[in-house]
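Keep in mind that this is a model prediction, so the values were computed, not measured.
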Amino acid sequence: MLSPRVLKSASSLMCRGFSMGQMCRQGKAPDMAEGNTFLLVSNVRNRLREIVGASTNWKDHKQALTERASLSQYLAQSQDELPAKTMKDSAIEAHLPLGTQPALREKYLNYHNSVRFGRILEDLDSLAVLICYSHTWNKELTRSPLSIVTALVDKIDMRKNIIYPDCDIKFTGHVTWVGKTSIEAKMHMSQYHNGTYRDVLDATFVMVARDPENKRAAFVNPLKPEGPDEEAIFLQGEINKKRRVELSTASLLKVAPTAEERTLVHNLFLNTLDTRRVSFHSRILPPNSVWMEDAKLKGLEICHPQERNIFNRIFGGFLMRKAYELGRANACAFAGCRPTVVAVDDILFQKPVEIGSLLMLSSQVCYTEGMHVQVRVHTEVLDPLTRQHSTTNVFHFTFHVEKEVPSVVPQSYGESMLYLDGKRHFDETMRTQS
């Protein structure tokens with residue numbers, strides 16, 4: 001990330017409760033004092049509406065879409081037509097003054113008077129979009145012809161710190177890598193406590209640019225690194241892209257498991273055989289274990305206009321919040337205690353969710369180890385008239401709990417693949433945090 005000096009205004013995560021009648025004075029950051037000019041997180045979506053000319057009323061959305069279609073004439077025909085931008089051009093600082101402005105807290109609190117991490121996911125998604133629009137902004141136009149949407153949440157790494165519900169929060173971020181039509185944006189979240197800002201998380205989002213009608217890809221400004229530090233950041237973006245391609249190529253939906261993984265699956269099978277009967281079909285559950293079939297939790301959302309994004313589809317941050325809350329509830333029910341999130345990774349946005357859709361969410365505890373629970377959440381839309389199901393998103397969450405959890409055991413081959421996929425995500429999370 002860039003040094004805070006160039007940013008302009010525009011963990012095992014543990015949330016502690018607090019008395020609503022008291023406020024932590026140490027949580028008031030000096031740079032969020034009344035009278036200071038800064039971008040509030042609550043104003044980010046309004047800023048995005050101004051950039052694209054989105055309607056504020058649902059009844060006007062069709063007219064707004066028609067007006068946006070006329071912006072196609074301003075799209076570049078090649079990336080060479082667009083001026084290169086620097087990382088400083090997209091640098092943004094946004095404030096969430098939970099300490100300075102107590103009225104904001106209610107939106108971020110849950111029943112336990114803890115911070116709702118799902119709300120933080122919503123804020124990160126909106127900020128990532130604004131960062132990318134800052135990179136591609138053309139000062140000669142009053143509205144951007146680009147439709148920038150989230151393609152992938154590569155990684156959200158939690159720093160092992162507490163998020164206090166009564167202390168100010170700061171988000172900073174900028175573009176770190178650019179392809180022809182895609183952009184990587186990194187964000188950092190910190191919180192003011194006891195007289196200083198403390199690290200909370202780092203997030204990496206990958207966004208894609210589309211035409212005004214969101215029908216085809218559109219070119220974005222190239223990125224020009226300045227100095228060795230920025231060149232290293234850009235190089236890391238190239239490495240991240242290569243890693244994503246390799247992971248996609250090695251997906252268990254495309255290729256067979258490795259020899260080591262096949263041995264693991266077979267051992268799991270052998271451990272569940274009933275030794276009293278010579279049969280492949282007679283299975284018994286090992287001690288301190290749970291069948292994967294019994295480690296599921298499902299939900300349904302009717303997608304109303306209230307949750308729409310600036311392009312009149314369901315807001316990606318809303319989808320992340322709902323998936324996280326379902327996944328966390330599943331981890332809580334499985335472990336029998338309140339979990340804390342360690343990492344969020346590889347959130348794939350395969351298809352936009354239209355207003356009025358029936359969104360079906362299915363969470364699965366797919367791997368456990370020690371005091372960790374790996375949860376996968378799959379979302380799909382159901383067309384009630386045709387009864388057709390279409391996958392929209394896949395989410396992966398790693399949680400930590402305060403006690404040893406049972407092993408989760410697959411029975412079918414499909415469940416075994418989910419188990420291996422969960423283990424891969426968990427192992428990668430542990431590797432990057434070690």
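- Checked against salt bridge (Lys or Arg N to Asp or Glu O under 4.0 Å), Lys215 has the following partners two or more places apart in sequence or in another chain: Glu213.
- Under the salt bridge (Lys or Arg N to Asp or Glu O under 4.0 Å) criterion, Arg45 pairs with no residue, sequence neighbours left out.
- A side-chain donor-acceptor contact under 3.5 Å links Asp168 to the backbone of Gly99.
- Looking only at distances, a side-chain donor or acceptor of Lys403 sits under 3.5 Å from a matching main-chain atom of Ala335.
- In this pair, Phe399 and Phe397 present their aromatic rings tilted. The plane angle is within the 30 to 60° band.
- Between Glu238 and Lys241 there is no salt bridge, since no side-chain N of the basic residue sits under 4.0 Å from a carboxylate O of the acidic one.
- Partners of Glu293 under the salt bridge (Lys or Arg N to Asp or Glu O under 4.0 Å) rule, at least two apart in sequence or in another chain, are Lys296.
- Applying the ring-ring contact (aromatic ring centres under 6.0 Å, His included) rule to pairs touching residues 335-361 yields nothing, sequence neighbours excluded.
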**OP:** Test Ser248 against Lys254 for side-chain hydrogen bond (donor to acceptor under 3.5 Å, both in side chains), laying out the working first.
**Re:** CA-CA 8 Å; Ser248 177; Lys254 298 178 181 179; 3.0 Å; yes

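- Here the options are Gln374, His372, His396, Lys155, the test is side chain to side chain donor-acceptor pair (under 3.5 Å), and the partner is Thr429; only Lys155 passes.
- Between Glu184 and Arg244 a salt bridge is recorded (basic side-chain N to carboxylate O distance below 4.0 Å).
- Glu404 pairs by the salt bridge (Lys or Arg N to Asp or Glu O under 4.0 Å) definition with nothing, not counting sequence neighbours.
- A salt bridge links Glu261 to Arg424: at least one charged side-chain nitrogen sits closer than 4.0 Å to a carboxylate oxygen.
- Listed by chain and number, the residues in a side chain to side chain donor-acceptor pair (under 3.5 Å) with Gln101 amount to none (sequence neighbours excluded).
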